[in-house]
Amino acid sequence: MAAELTAHQLTAQHRPTLDLALETIRTRAYWSPHPEHPKAYGENGSLGTAEGKAAFDALLGTRLDLGQPGTDGWVGGEVSPYGVELGVEYPHADLDVLLPAMRAGQKAWRDAGPELRALVCLEILGRIAARTMEFAQAVMHTSGQAFMMAFQAGGPHAQDRGMEAVAYAYAEQSRTPGTAEWTKPQGKRDPLALTKRFTPVPRGIGLVVGCNTFPTWNGYPGLFASLATGNAVLVKPHPRAVLPLALTVRVARDVLAEAGFDPNLVALTAERPGEGIAKTLATRPEIRIVDYTGSTAFGDWLEANARQAQVYTEKAGVNTVLVESTDDYKGMLANLAFSLSLYSGQMCTTPQNLLIPRDGIRTDQGHKTYDEVSAGLARAVDGLLGDDARANGLLGAIVNPDVKARLEAAAGLGEVALASREVTNPDFPDAVVRTPVIVKLDAAKPGDEAAYTSECFGPVSFAVAVDSAAHALELLRHSVREKGAMTVGAYTTDAEVEEAVQEVCLDEAAQLSLNLTGGVYVNQTAAFSDFHGSGGNPAANAALCDGAFVAGRFRVVEIRRPA
């Protein structure tokens, strides 16, 4: 069958966008081709808010048949954190049939070359972008994110991260020329002359192990990095967040087929309750790349046991903010309050430990004691979330019972500076919505150490009293080295302290945000400019996105012959 999408059409449509993406990863400037305002959708044939909700509703209770080979049954069971039973069924795969079928299309995909692969990937992203509002509903009802966050993080920001991965993949594959004429002088004898051809070749099948909280944002970088470098990609979603990635796979398969490639280059494998197929998949010889976001325990297991594969993990860490001094006390508290509240703290970048000198800090409003800073932060969070409608819009829903249990247990760890409260969501009365808890701990008390040195994922933060800025820096260094951190924040007006915290973060490879008091928050990163994670501390062995994230997904094979 002739391709419906020709290389010429793809080039005309997407090459300018690819060029802009390539330029932006070089300059690190702000750029996004995907609008992050809902009002930008619903025009020019895109799916608007109402249409997106209708498209999502039409999926409920249906069977999502992707036309994959090796389907031996159907699985489902997703229940929204907002209380809605999705009732969608997905294909369960016989791996001995599906994996060989996925490999069959790799030769043509490899031979297509880096540019055409990149353009096909951008077409996939473009089709997803046109259905952003539908995807927003799917992300909301699998992750528990509030709608606006599900729309932004699950839609344009996830699409940006996918496009960023495509740009890096193309840049790394294009670093080596396709051909070269090689001549070596031999003095009086005829020179040696060879013609050389260099071809980026894929490693094999990439496995994307999806997460519950950010299925698209965390899933797209690995998916598109592997696909753009010539690999087939098998997507294994989290059992509670299948729909967003299943829709992604369906779009990808449609585009691949229309472009004349085997749709089985991208496939989905959902699992039965309790089946735990990730371990089985990750150690199969056909799987040569693994992308994983989730718990430290399973990430460590993958790194130790998936020896046949290149493994990229984003695990857990203990994110820390040093509060030493500030020239904008009100702005600091407001910024931290938002960071602690967003999506109920269910982000791998949310601050957990706030290190505050027990003698207090200098501010533009005078000296503030440790107790005053703790109480001021509690008031800022309380003020931010005092209105239930606003609270629902920021907090979303608790994603699973484990997060709720940690939140409830945290109040018993120390003196409570801010108690968590229940919030009712009038649209979804079954949603579990809770405001953050802030617990006061003391680094001088041995019994408190176990709490603040372990990750407590969810809306839980610790205001930790420390002896001094130097003591805080010592604790920060130890925490990042032993537990890892996706983010570090610091507030200081002291040049020496600022230099010292930078040195700690450079030594321990932790991403640092200094003195944020406005509309940029420590737990948010921008594609094409900010690196998410560093790959240099225990929280993650990779960064989204840099050259190292894509370079190991392919190898360059040389064929040479006499000229």
Chemist: Once side-chain contact (heavy atoms from CB on, under 4.5 Å) is applied, do any residues pair with Gln511, and if so which ones, sequence neighbours excluded?
Modeler: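 If we apply the side-chain contact (heavy atoms from CB on, under 4.5 Å) test to Gln511, skipping adjacent residues, the hits are Phe531, Ser534.
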
Chemist: Quick one: do Asp57 and Lys53 make a salt bridge, cutoff under 4.0 Å?
Modeler: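 Yes, charged N to carboxylate O under 4.0 Å.
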
Chemist: Would you mind reporting whether Leu86 and Val242 have side-chain heavy atoms less than 4.5 Å apart?
Modeler: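 Val242 vs Leu86: side chains apart.
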
Chemist: What distance do Tyr312 atom OH and Glu303 atom CD have between them, rounded to the nearest 0.5 Å?
Modeler: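 Here the rounded value is 12.5 Å.
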
Chemist: Taking Tyr292 for its side chain and Glu314 for its backbone only, find out whether a donor-acceptor pair lies under 3.5 Å.
Modeler: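 Absent.
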
Chemist: Anything under 30° is parallel, anything over 60° is perpendicular, the rest tilted; go ahead and classify Tyr220 against Phe224.
Modeler: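 Judged by the thresholds at 30° and 60°, the geometry between Tyr220 and Phe224 is perpendicular.
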
Chemist: Going by atom types only, do Glu455 and Thr296 share a side-chain donor-acceptor pair under 3.5 Å?
Modeler: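 Absent: no donor and acceptor within the cut-off.
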
Chemist: To the nearest 0.5 Å, tell me how far Asp291 CG sits from Leu302 CG.
Modeler: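 That separation rounds to 10.5 Å.
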
Chemist: Is Arg117 close enough and on-axis enough to Phe261, meaning under 6.0 Å and within 45°, for cation-pi?
Modeler: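 No cation-pi geometry.
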
Chemist: Quick check against the 3.5 Å criterion: does Asn319 have a side-chain atom that pairs as donor or acceptor with the backbone of Thr487?
Modeler: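 Yes, because the side chain of Asn319 sits within donor-acceptor range (under 3.5 Å) of the backbone of Thr487.
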
Chemist: Take Tyr168 and Phe549 through the ring-ring contact (aromatic ring centres under 6.0 Å, His included) test and state the conclusion after the steps.
Modeler: CA-CA 8 Å; Tyr168 270 100; Phe549 185 70; 8.9 Å; no

Chemist: Quick check for you: to the nearest 0.5 Å, what is the distance between Ile205 atom CD1 and Gln106 atom CD?
Modeler: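 The CD atom of Gln106 is 6.0 Å from CD1 of Ile205, to the nearest 0.5 Å.
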
Chemist: Do Leu18 and His14 come within less than 4.5 Å of each other through their side chains, counting heavy atoms only?
Modeler: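 A side-chain contact under 4.5 Å is absent here.
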
Chemist: Output the distance between atom CG (Leu227) and atom CH2 (Trp109), rounded to the nearest 0.5 Å.
Modeler: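 Nearest 0.5 Å value for the CG-CH2 distance: 5.0 Å.
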
Chemist: Where is the tightest heavy-atom contact between Leu256 and Val120, given as atom of each residue plus distance?
Modeler: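 Taking Leu256 first and Val120 second, the nearest heavy atoms are CD2-CG1, 4.0 Å.
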
Chemist: Please work out whether the ring planes of Phe428 and His141 are parallel, tilted or perpendicular, with thresholds of 30° and 60°.
Modeler: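 Judged by the thresholds at 30° and 60°, the geometry between Phe428 and His141 is perpendicular.
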
Chemist: Is the shortest heavy-atom distance from the side chain of Leu59 to the side chain of Glu134 under 4.5 Å?
Modeler: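 They are in contact (side-chain heavy atoms under 4.5 Å apart), so the answer is yes.
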
Chemist: Taking all atoms of both residues into account, what is the closest heavy-atom pair of Met102 and Asn264, and its distance?
Modeler: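 Taking every non-hydrogen atom into account, CG-O, 3.2 Å.
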
Chemist: Do Arg390 and Ser341 meet the criterion of a side-chain donor-acceptor pair at a distance under 3.5 Å?
Modeler: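 There is no such pair between these side chains.
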
Chemist: For Thr525 and Arg161, run side-chain contact (heavy atoms from CB on, under 4.5 Å): C-alpha distance rounded to whole Å, both residues' side-chain angles, the deciding distance at 0.1 Å, then the answer.
Modeler: CA-CA 10 Å; Thr525 58; Arg161 282 295 182 191; 3.0 Å; yes

Chemist: Could you check whether any side-chain N or O of Gln346 sits under 3.5 Å from a backbone N or O of Ala397, counting only pairs where one atom can act as donor and the other as acceptor?
Modeler: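 Here the side-chain-to-backbone pair exists.
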
Chemist: Has Glu271 got a side-chain atom pairing as donor or acceptor with Ile277's backbone, closer than 3.5 angstrom?
Modeler: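 Looks like yes, one N/O pair under 3.5 Å.
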
Chemist: Any donor-acceptor pair under 3.5 Å linking the side chain of Gln352 with the backbone of Cys456?
Modeler: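 Checking the backbone N and O of Cys456 against the side chain of Gln352, a donor-acceptor pair under 3.5 Å is found.
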
Chemist: Should the pair Arg284-Asp96 be classified as a salt bridge under the 4.0 Å nitrogen-to-oxygen rule?
Modeler: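 Salt bridge between Arg284 and Asp96, a charged N being under 4.0 Å from a carboxylate O: yes.
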
Chemist: Is there a side chain to side chain donor-acceptor pair (under 3.5 Å) between Gln524 and His157 once you walk through the steps?
Modeler: CA-CA 10 Å; Gln524 296 174 320; His157 296 170; over 6 Å; no

Chemist: Would you sort out whether Met347 and Thr213 count as a side-chain contact (heavy atoms from CB on, under 4.5 Å), showing the intermediate values?
Modeler: CA-CA 8 Å; Met347 303 172 68; Thr213 49; over 6 Å; no

Chemist: Can you check whether Glu123 reaches Glu258 side chain to side chain, under 4.5 Å on heavy atoms?
Modeler: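 Counting from C-beta outward, Glu123 and Glu258 never come under 4.5 Å.
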
Chemist: Do Ser226 and Arg553 have side-chain atoms, one donor and one acceptor, less than 3.5 Å apart?
Modeler: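 Yes.
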
Chemist: Are any of the side-chain heavy atoms of Leu125 and Leu122 separated by less than 4.5 Å?
Modeler: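 Result yes, sub-4.5 Å side-chain heavy-atom pair found.
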
Chemist: May I ask you to decide if Leu395's main-chain N or O and Ser344's side chain share a donor-acceptor pair within less than 3.5 Å?
Modeler: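 Flag set: sc Ser344 to bb Leu395 pair under 3.5 Å.
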
Chemist: Between Asp19 and Arg15, does any NZ, NE, NH1 or NH2 come within less than 4.0 Å of an OD or OE carboxylate oxygen?
Modeler: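 Yes, charged N to carboxylate O under 4.0 Å.
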
Chemist: Grab the two heavy atoms, one from Gly83 and one from Asp430, that are nearest each other, plus how far apart they are.
Modeler: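 Residues Gly83 and Asp430, closest heavy atoms: CA-CB, 4.0 Å.
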
Chemist: May I ask you to decide if Ala241's main-chain N or O and Thr142's side chain share a donor-acceptor pair within less than 3.5 Å?
Modeler: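 Between the backbone of Ala241 and the side chain of Thr142 there is no qualifying donor-acceptor contact (under 3.5 Å).
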
Chemist: Which heavy-atom pair separates Ser529 from Ala29 by the least distance, and what is that distance?
Modeler: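 Heavy atoms of Ser529 and Ala29 come nearest at CB-O, 4.2 Å.
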
Chemist: More than 12 foreign heavy atoms under 6.0 Å from CZ of Arg110: is that the case here?
Modeler: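 Count over threshold, so yes.
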
Chemist: What distance separates Glu115 CD from Gln173 CD, expressed to the nearest 0.5 Å?
Modeler: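 Glu115 atom CD to Gln173 atom CD measures 11.5 Å (nearest 0.5 Å).
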
Chemist: Over 60° means perpendicular and under 30° means parallel, so classify the ring planes of Trp301 and Phe298, tilted if in between.
Modeler: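 It falls in the parallel class, under 30°.
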
Chemist: Side-chain contact test, heavy atoms from C-beta onward, threshold under 4.5 Å: evaluate it for Phe135 versus Thr248 and give yes or no.
Modeler: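 Phe135 vs Thr248: side chains touch.
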
Chemist: Are any side-chain N or O atoms of Asn231 and backbone N or O atoms of Gly204, one a donor and one an acceptor, separated by less than 3.5 Å?
Modeler: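 Confirmed, Asn231 side chain pairs with Gly204 backbone.
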
Chemist: For Leu247 versus Ala138, what's the shortest heavy-atom pair and its separation?
Modeler: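 Minimum heavy-atom separation between Leu247 and Ala138: CD1-CB, 4.2 Å.
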
Chemist: With rounding to the nearest 0.5 Å, note down the distance linking CH2 in Trp31 to CD in Glu164.
Modeler: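 That separation rounds to 10.5 Å.
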
Chemist: Using the rule given for side-chain contact (heavy atoms from CB on, under 4.5 Å), can you reason through Gln145 versus Phe151, listing the C-alpha separation, both sets of side-chain angles and the distance that settles it, and then say yes or no?
Modeler: CA-CA 9 Å; Gln145 294 174 29; Phe151 156 67; over 6 Å; no

Chemist: Please evaluate residues Thr216 and Val139 with respect to the criterion side-chain contact (heavy atoms from CB on, under 4.5 Å), reporting the C-alpha separation (whole Å), side-chain torsions for both, the decisive distance (0.1 Å), and the verdict.
Modeler: CA-CA 8 Å; Thr216 55; Val139 170; 4.0 Å; yes

Chemist: Side chains of Tyr90 and Glu78 only: does a donor on one sit below 3.5 Å from an acceptor on the other?
Modeler: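 Present: a donor and an acceptor within the cut-off.
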
Chemist: Would you find a donor on one side and an acceptor on the other, under 3.5 Å apart, between the side chain of Thr71 and the backbone of Ala93?
Modeler: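 Flag not set: sc Thr71 to bb Ala93 has no pair under 3.5 Å.
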
Chemist: Tell me, yes or no, whether the heavy-atom count around Glu23 atom CD, taken from other residues, nucleotides or ligands under 6.0 Å, exceeds 12.
Modeler: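 Result for CD/Glu23: enclosed.
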
Chemist: For Glu275 and His92, does a side-chain donor sit closer than 3.5 Å to a side-chain acceptor?
Modeler: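 Short answer, yes.
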
Chemist: Can you name the nearest heavy-atom pair linking Val75 to Ala270, along with the distance?
Modeler: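 So the minimum-distance heavy-atom pair works out to CG2-CB, 3.4 Å.
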
Chemist: Are the side chain of Asn335 and the backbone N or O of Gly518 linked by a donor-acceptor pair below 3.5 Å?
Modeler: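 Yes, Asn335 side chain to Gly518 backbone: donor-acceptor pair under 3.5 Å.
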
Chemist: For Pro459, which of Thr350, Leu342, Val381, Val403 qualifies under side-chain contact (heavy atoms from CB on, under 4.5 Å)?
Modeler: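 One option only clears the test, and that one is Val403.
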
